[in-house]
Novice: 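Sending over a structure as structure tokens; questions will come in a sec.
Count residues from 1 along the sequence.
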Amino acid sequence: MTDNLFLTFPSCSDEQDTSVFSAEQARQSILEAVTPLGNAAAELLPLLDVLDRVLAEDVISTLNVPPHDNSAMDGYALAASELPVHGDTRVLHVVGSSFAGHPFAGDCGHGECVRIMTGAVLPDGLDTVIPLEHVQALDTTTIRVDARTRRGDNVRYAGEDIRQGQVILARGRRITSADLGLLASLGKQQVSVMRQPRVAFFSTGDELRYPGEALRPGEIYDSNRYTLYAMLKRLNCRITDFGIVRDDPVVLREALISAASDHDVIISTGGVSVGEADYVRQVLGEQGNIAFWKVAMKPGRPLTFGQLGPALFFGLPGNPVAVMVSFCQFVHPALLRLSGECVNQPFILQAVSNSSLKKRPGRTEFQRGILSHAPDGSLTVSKTGEQGSGVLTSMSRANCFIVLAAEQTRVEPGTVVIVQPFTNWL
Ligand code: AMP
Ligand code: MG
């Protein structure tokens, strides 16, 4: 049913062209409208440059990791047949040493063992390592061992981490710190990754000033461009900051046309409600295939989305919290999909609310919460004070959204609620 939501939208010349979507419908419609950048957009980069980039191809291991059976402990390597029976001890002759990077080259026969260090190659024919602290040294070449150790103990087997031929990281995966180490352990010097989405963003509003400027009566500092900058940076986008755009259709048109020519995504904030100075609608109506939605959510009710030339356009609301909520719920998944990453539902947890939460039915609310542990280890959440959509401190103090479903009404303390931890986004 969501298939056609985007395409059947009335054009923006239509006066009636606002529709009410649920937050999930809006998210789905947006995702359906995004075409991933694809492999034509892949680039081969040095290993150290690919953290947080998206893999453009499966990484298949060309070797076993570890490449050989080796010792997990400092101790003595021997064949299990040399181990004493239960309750007994046995004296063994030490015929040499195997160090990490310097394998033992000789033979180890009946009644013999090899001193071995962690990570050193297990000599041919040996299958067990007795830890140093379980061994009694009788002299420099003779030891006494007991029966605590079992066959195969303290051995790391070739290929136990990664097998040759195995798909170790799949296309579409965003490379993590562990992945970077994994790629290095395969000897990879270069990795094929998707190019970064190019994202242009700007704030609209005659009342806005840049930090560092003096404020005149009625003016405020622009904060939206900074939260957007940060969230886009976290997503490893290539960003262009178009600054503050005045509430003037001519200037706005210029900014939009210029941004659309060489960006994959354009994000504006403000000017999408029905105030007199809200020109985004008007200008977009002339320039692109854009839908104006009323999303049944708070904050973030007005949302403008569509195509502007080759670029996707997101017209976010002006209120600072609404910007962040709309970004997390809609722009973030769209950018993941564009980047070639698989998009899952946001990670959620259940927690007991410590706060009483005001809630009107008929819309999903993304209240800001602090998730923590009760003394018994269970998760609890408290709201971060005043929840107005302009109250940016409510986001700054929070570490999660408390997601209250459309049908939900007031929440009493002690009620279990759904939370989305910010680890997803911020
Ligand atoms: P608008 O949607 O343009 O009517 O803006 C809604 C509210 O958000 C107004 O109170 C604006 O002053 C405020 N606002 C808009 N843009 C920004 C911004 N970039 N930084 C801080 N506040 C903003
Ligand atoms: Mg405005």
Novice: If the plane angle is over 60° it's perpendicular, under 30° parallel, otherwise tilted; pick one for Phe242 and Phe202.
Specialist: tilted

Novice: Judged by atom type as modelled, is there a donor-acceptor pair below 3.5 Å linking the side chain of Gln189 to the main-chain atoms of Gly187?
Specialist: no

Novice: Looking at side-chain heavy atoms only, is the closest gap between Ile30 and Leu303 below 4.5 Å?
Specialist: yes

Novice: Would you mind reporting whether Pro299 and Asn319 have side-chain heavy atoms less than 4.5 Å apart?
Specialist: no

Novice: Is the closest side-chain donor-acceptor distance between Thr227 and Asn224 under 3.5 Å?
Specialist: no

Novice: Quick one: does any side-chain atom of His263 pair with a main-chain N or O of Ala259 as donor and acceptor, under 3.5 Å?
Specialist: yes

Novice: Can any side-chain N or O of Thr393 pair as donor or acceptor with the backbone N or O of Ser396 at less than 3.5 Å?
Specialist: no

Novice: Please check this pair: side chain of Asn64 against backbone of Gln164, looking for a donor-acceptor N/O pair closer than 3.5 Å.
Specialist: yes

Novice: Ignoring hydrogens and geometry, is there a side-chain-to-backbone donor-acceptor pair from Asn154 to Ala72 under 3.5 Å?
Specialist: no

Novice: Tell me which one of Asp161, Leu186, Asp58 satisfies side chain to side chain contact (heavy atoms under 4.5 Å, CB included) with Ile168.
Specialist: Leu186

Novice: Which residue pairs satisfy the salt bridge (charged side-chain N to carboxylate O under 4.0 Å, His left out) criterion with at least one member in residues 224-241, sequence neighbours excluded?
Specialist: Asp222-Arg225, Arg225-Asp241

Novice: Going by the angle between their ring planes, with limits at 30° and 60°, are Trp293 and Phe305 parallel, tilted or perpendicular?
Specialist: tilted

Novice: Can you see which heavy atom on Leu47 is nearest to which on Lys188, and at what distance?
Specialist: CD2-O, 3.4 Å

Novice: Do Leu182 and Thr176 pass the side-chain contact (heavy atoms from CB on, under 4.5 Å) test, and can you show the C-alpha distance, the side-chain angles, and the key distance before you say yes or no?
Specialist: CA-CA 10 Å; Leu182 212 50; Thr176 65; over 6 Å; no

Novice: Thr204 side chain to Thr269 main-chain N or O, any donor-acceptor pair under 3.5 Å?
Specialist: yes

Novice: Can you check whether Gln25's main-chain N or O pairs, donor with acceptor, with Ser29's side chain at less than 3.5 Å?
Specialist: yes

Novice: Is any side-chain heavy atom of Phe313 closer than 4.5 Å to a side-chain heavy atom of Leu256?
Specialist: yes

Novice: For the residue pair Asp74 and Thr118, what are the closest heavy atoms and their distance?
Specialist: OD1-N, 2.8 Å

Novice: Test side-chain contact (heavy atoms from CB on, under 4.5 Å) on Val352 and Leu379; report intermediate values, then the result.
Specialist: CA-CA 6 Å; Val352 175; Leu379 288 174; over 6 Å; no

Novice: Distance-only, no hydrogens or angles: does the Asp49 side chain make a donor-acceptor pair with backbone N or O of Pro46 under 3.5 Å?
Specialist: no

Novice: Is there side-chain contact between Ser326 and Val331, with heavy atoms separated by less than 4.5 Å?
Specialist: no

Novice: Can you find a heavy atom in the side chain of Thr364 that is under 4.5 Å from one in the side chain of Glu24?
Specialist: no

Novice: Determine the minimum heavy-atom distance between Pro320 and Gly390, stating which atoms define it.
Specialist: CD-CA, 4.0 Å

Novice: Are there more than 12 heavy atoms of other residues, nucleotides or ligands under 6.0 Å from atom CZ of Arg360?
Specialist: no

Novice: Could you walk me through whether Arg151 and Asp127 pass side-chain contact (heavy atoms from CB on, under 4.5 Å), step by step?
Specialist: CA-CA 7 Å; Arg151 174 189 292 274; Asp127 56 13; 3.3 Å; yes

Novice: Can you run down the side-chain hydrogen bond (donor to acceptor under 3.5 Å, both in side chains) pairs that involve residues 403-423, sequence neighbours left out, and say none if there aren't any?
Specialist: Gln329-Gln420, Ser356-Arg410, Arg410-Glu412

Novice: Given the rule in the side-chain contact (heavy atoms from CB on, under 4.5 Å) test, do Leu335 and Leu232 qualify, once you have shown the distances and angles that lead to the verdict?
Specialist: CA-CA 9 Å; Leu335 285 170; Leu232 290 166; 3.6 Å; yes

Novice: With distance as the sole test, does Asp69 use its side chain to make a donor-acceptor pair with the main-chain N or O of Leu122 at under 3.5 Å?
Specialist: no

Novice: To check you understand the geometry: which heavy-atom pair defines the closest contact between Leu183 and Val191, and what is its length?
Specialist: CD1-CG2, 4.0 Å

Novice: Looking at NE2 of His134 and OG1 of Thr149, how far apart are the two atoms once the value is rounded to the nearest 0.5 Å?
Specialist: 6.5 Å

Novice: So, taking the atom named OG in Ser339 and the one named CG in Leu55, what distance separates them when rounded to the nearest 0.5 Å?
Specialist: 12.5 Å

Novice: For the residue pair Arg171 / Asn39, report whether a side-chain donor-acceptor contact shorter than 3.5 Å exists.
Specialist: yes

Novice: Quick one: are Lys358 and Glu365 in side-chain contact, heavy atoms under 4.5 Å?
Specialist: no

Novice: Please give me the minimum heavy-atom distance between Ile116 and Val121, naming the atom from each residue.
Specialist: CD1-O, 3.6 Å

Novice: As an exercise, state the distance from OG of Ser71 to CG of Asp153, rounded to the nearest 0.5 Å.
Specialist: 11.0 Å

Novice: Looking at Gln387, is its backbone amide N or carbonyl O close enough to the side chain of Arg368 to form a donor-acceptor pair, meaning the two atoms are under 3.5 Å apart?
Specialist: yes

Novice: Side-chain contact, heavy-atom cut-off 4.5 Å: Leu404 with Val417?
Specialist: yes

Novice: Less than 4.5 Å apart, side chain to side chain, heavy atoms only: is that true for Arg27 and Gln345?
Specialist: yes

Novice: For the OG atom of Ser394 and the CD atom of Glu386, what is their distance to the nearest 0.5 Å?
Specialist: 8.5 Å

Novice: Please find the pair of heavy atoms, one from Thr128 and one from Gly152, that lie closest to each other, and give the distance.
Specialist: OG1-N, 3.0 Å

Novice: Do you see a donor-acceptor pair shorter than 3.5 Å between the side chains of Asn236 and Gln196?
Specialist: yes

Novice: To the nearest 0.5 Å, what is the distance between CD (Glu207) and OH (Tyr221)?
Specialist: 14.0 Å

